[in-house]
Amino acid sequence: MVETKIRVLVAKPGLDGHDRGAKTVASVLRDRGMEVVYTGLHQTPEMIAEAAMQEDVDVVGLSILSGAHMELFPRVRDELVKRGMGHVLLVGGGIIPSDDMRKLESAGFAKLFGPGTRTDDIGAYIEAEMAKRRARNAAS
Amino acid sequence: MRPARGTAVPAPGTACSPRSSKPLKDQADTVVNGLVARFRAGEKAALARAISWAENGSPEFAGFLREVYATVGRAWRTGVTGPPGAGKSTLVNELAKVLRARARTVGILAVDPSSPITGGALLGDRIRMEERTSDPGVYIRSMASRGSHGGLSRAASDACDAIDAFGIDEILLETVGVGQAEYDVVSATDTVLVVLCPGAGDGIQAMKAGILEVADVLVVNKVDLPGSDRLLLDLEEAAHIRHAGRSAWIPPVVGCSAGKSQGIEDVVAALERHRQHLEAAGLDAVRAEKRVAQVQRVLQERLGAALWSEGGQGRRARTLLAAGRTPYDVVDELAAALVGALRGAG
């Protein structure tokens with residue numbers, strides 16, 4: 001009777017009051033059968049990493065529209081690693097120039113999603129990545 | 001099965017490496033022992049993983065609980081229930097603040113509903129507990145109800161055991177707020193706090209809903225809103241009608257405004273009075289009975305499943321029903337055969 005769900009933390013780091021995108025993504029992931037923890041606005045990197053650890057999530061999704069992604073996203077990653085959570089699937093989205101996306105994707109972020117992304121693509125990406133990881137864990 | 005991270009990828013050549021000839025059970029033991037060591041060292045991540053095992057019904061949880069069971073029983077468990085919007089999360093956050101000011105460590109388990117259609121869940125209780133996130137003396141975990149009644153009460157009770165064994169003083173278990181399953185969940189706690197608010201029905205509604213049967217402490221939240229005086233009186237009267245002369249504990253009715261941090265000390269005082277009452281009345285016996293009920297629940301679940309599949313009851317039932325028998329006649333026949341076999345064996 002083992003029942004494993006994909007657990008996701010959706011978080012908004014920094015001083016950015018727009019969470020419609022984050023809420024939309026959270027709802028879409030829930031509708032795909034995931035358990036989504038949403039922590040609300042104005043989170044520090046420490047708060048996000050702490051919540052991810054206490055909730056034992058598989059995925060952390062960051063949403064940012066303020067332009068501070070190159071400052072805040074790496075700090076979230078560092079705080080996660082500090083808490084032994086370097087294994088989570090780390091994704092992000094928002095108004096992020098493509099150069100910055102590439103930099104983040106070579107610095108611990110699995111994937112960044114920009115404006116115009118279809119929400120189903122985000123869900124499908126997470127499911128495919130989690131399936132790969134679980135297959136790897138089962139084999140080891 | 002999700003192996004514990006950190007212990008999941010063994011160094012080559014160790015007991016549980018992929019080419020190891022050790023049986024699976026030993027590998028599972030290694031995972032459990034690794035987690036128990038980190039748990040005992042006070043790593044919250046290890047507590048979090050133990051709770052995931054409990055939620056998922058993973059077989060590792062039984063091994064984990066065996067290792068730490070001797071330290072279970074020190075925490076006080078308060079269940080917080082009440083209709084949606086009554087202010088459960090806000091009150092839990094305020095209770096945690098007062099308890100922390102008294103140097104008590106706090107574990108919060110917040111249950112939100114799973115969608116019956118997709119099985120997914122949006123867990124948003126942390127938003128109202130944000131101030132507590134960076135406090136090292138607090139652990140917060142969101143849990144989805146995942147549909148099945150028995151499953152949730154087992155997972156919630158197991159999660160409470162894990163938080164308790166971790167050495168946390170006070171556990172606040174916040175429920176979804178709707179339906180009969182609530183009572184199974186709060187039955188795993190020592191004190192049940194029911195929170196209501198004015199404008200959501202009168203005292204008769206409260207009596208109908210059956211909350212007086214489970215409440216040890218009744219809280220009227222948003223007490224600054226119109227209608228709260230009436231609700232306070234109605235509840236006090238209903239509590240007396242039900243309990244006076246029949247039980248040694250009459251649930252006190254306390255007003256507060258959690259959103260304004262008012263009256264929380266009174267709620268904590270009422271919770272402490274109930275704790276003192278239970279301790280004087282014989283807490284060990286009460287808790288022992290709850291463990292017995294837990295064994296009965298899990299045993300029924302497991303035996304029922306085993307009888308149905310491996311025991312062939314499902315197949316027999318189909319045959320008998322196909323022969324035109326009524327459902328109750330089928331149950332009678334199957335039960336009589338099973339009980340007869342047990343008597344014969346005994």
Side-chain angles (χ1 to χ4, degrees), chain A residues 1-12 19 22-58 79-80 82-88 123 127 130 133-140, chain B residues 1-6 8-10 16-18 27 38 43-53 55-60 107-108 110 112 114-115 117-130 133-136 138-144 146-148 151 155 301-302 305:
Chain A
M1 300 205 302
V2 180
E3 188 195 8
T4 308
K5 297 269 184 192
I6 299 175
R7 282 175 70 87
V8 187
L9 179 76
V10 171
K12 291 278 309 173
D19 67 347
K23 284 177 176 164
T24 303
V25 171
S27 307
V28 167
L29 299 183
R30 175 202 59 196
D31 291 345
R32 294 182 79 102
M34 302 182 203
E35 292 180 355
V36 186
V37 180
Y38 179 55
T39 49
L41 296 167
H42 311 316
Q43 303 285 298
T44 65
E46 292 81 2
M47 289 161 88
I48 294 168
E50 188 66 26
M53 184 266 281
Q54 295 188 12
E55 298 286 356
D56 191 22
V57 293
D58 307 294
E79 291 295 329
L80 284 167
K82 209 190 279 180
R83 286 167 178 77
M85 295 295 285
H87 57 268
V88 297
E127 282 164 7
M130 286 311 300
R133 285 165 176 235
R134 284 180 178 165
R136 251 197 329 264
N137 276 345
S140 69
Chain B
M1 179 183 106
R2 279 200 298 180
R5 290 157 187 151
V9 186
C16 53
S17 75
Q27 294 188 28
R38 291 169 51 218
E43 273 188 45
K44 275 184 184 168
L47 168 60
R49 177 49 49 88
I51 294 177
S52 296
W53 285 347
E55 277 193 299
N56 293 338
S58 302
E60 289 93 339
I108 297 170
D112 266 333
S114 294
S115 156
I117 313 292
T118 65
L122 194 51
L123 310 168
D125 287 327
R126 286 190 88 97
I127 295 175
R128 270 147 294 167
M129 300 171 187
E130 186 181 285
T133 300
S134 14
D135 181 345
V138 176
Y139 173 81
I140 307 174
R141 178 61 174 245
S142 315
M143 191 177 256
R146 296 197 183 179
S148 78
E301 214 175 276
R302 196 175 297 176

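In what follows, chains are A, B, ... by sequence order, proteins preceding strands, each numbered from 1.
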Hey, does the side chain of B:Lys44 reach the backbone of A:Glu50 with a donor-acceptor pair shorter than 3.5 angstrom?
no
Can you tell which of A:Thr44, A:Asp31, A:Ile6 has the highest number of heavy-atom pairs within less than 4.5 Å of chain B?
A:Asp31
Whether A:Glu55 side chain and B:Ser142 backbone form a donor-acceptor pair below 3.5 Å
yes
Determine the option with the most heavy-atom pairs under 4.5 angstrom with chain A, choosing from B:Thr133, B:Asp125, B:Thr118.
B:Thr118
Heavy-atom closest contact (B:Ile140 atom, A:Gln54 atom, distance)
N-OE1, 2.8 Å
So how far is it from B:Arg146 CZ to A:Glu35 CD, rounded to the nearest 0.5 Å?
4.0 Å
Any idea which heavy atoms bring B:Glu130 and A:Thr39 closest together, and the distance?
OE1-O, 4.1 Å
In Å, rounded to the nearest 0.5 Å, how long is the span from NZ of A:Lys5 to OG of B:Ser52?
14.0 Å
The interface call for B:Ser115 against chain A, heavy-atom contacts under 4.5 Å, is neither
Once rounded to the nearest 0.5 Å, what's the spacing between atom CG of B:Leu47 and atom CE of A:Met53?
9.5 Å
Under 6.0 Å from the CZ atom of A:Arg133, do we count more than 12 heavy atoms belonging to anything else shown?
yes
Spacing of B:Glu43 atom CD and A:Arg83 atom CZ [to the nearest 0.5 Å]
12.5 Å
side-chain contact (heavy atoms from CB on, under 4.5 Å) for B:Glu55 and A:Arg7? Distances and angles first, verdict last.
CA-CA 12 Å; B:Glu55 277 193 299; A:Arg7 282 175 70 87; 3.5 Å; yes
Nearest heavy-atom approach of A:Gly40 to B:Ile127 is N-CG1, 3.7 Å
Once rounded to the nearest 0.5 Å, what's the spacing between atom CZ of B:Arg49 and atom CG of A:Asp56?
4.0 Å
Answer key: most heavy-atom pairs under 4.5 Å with chain B among A:Val10, A:Leu29, A:Val8, A:Val37 is A:Val37
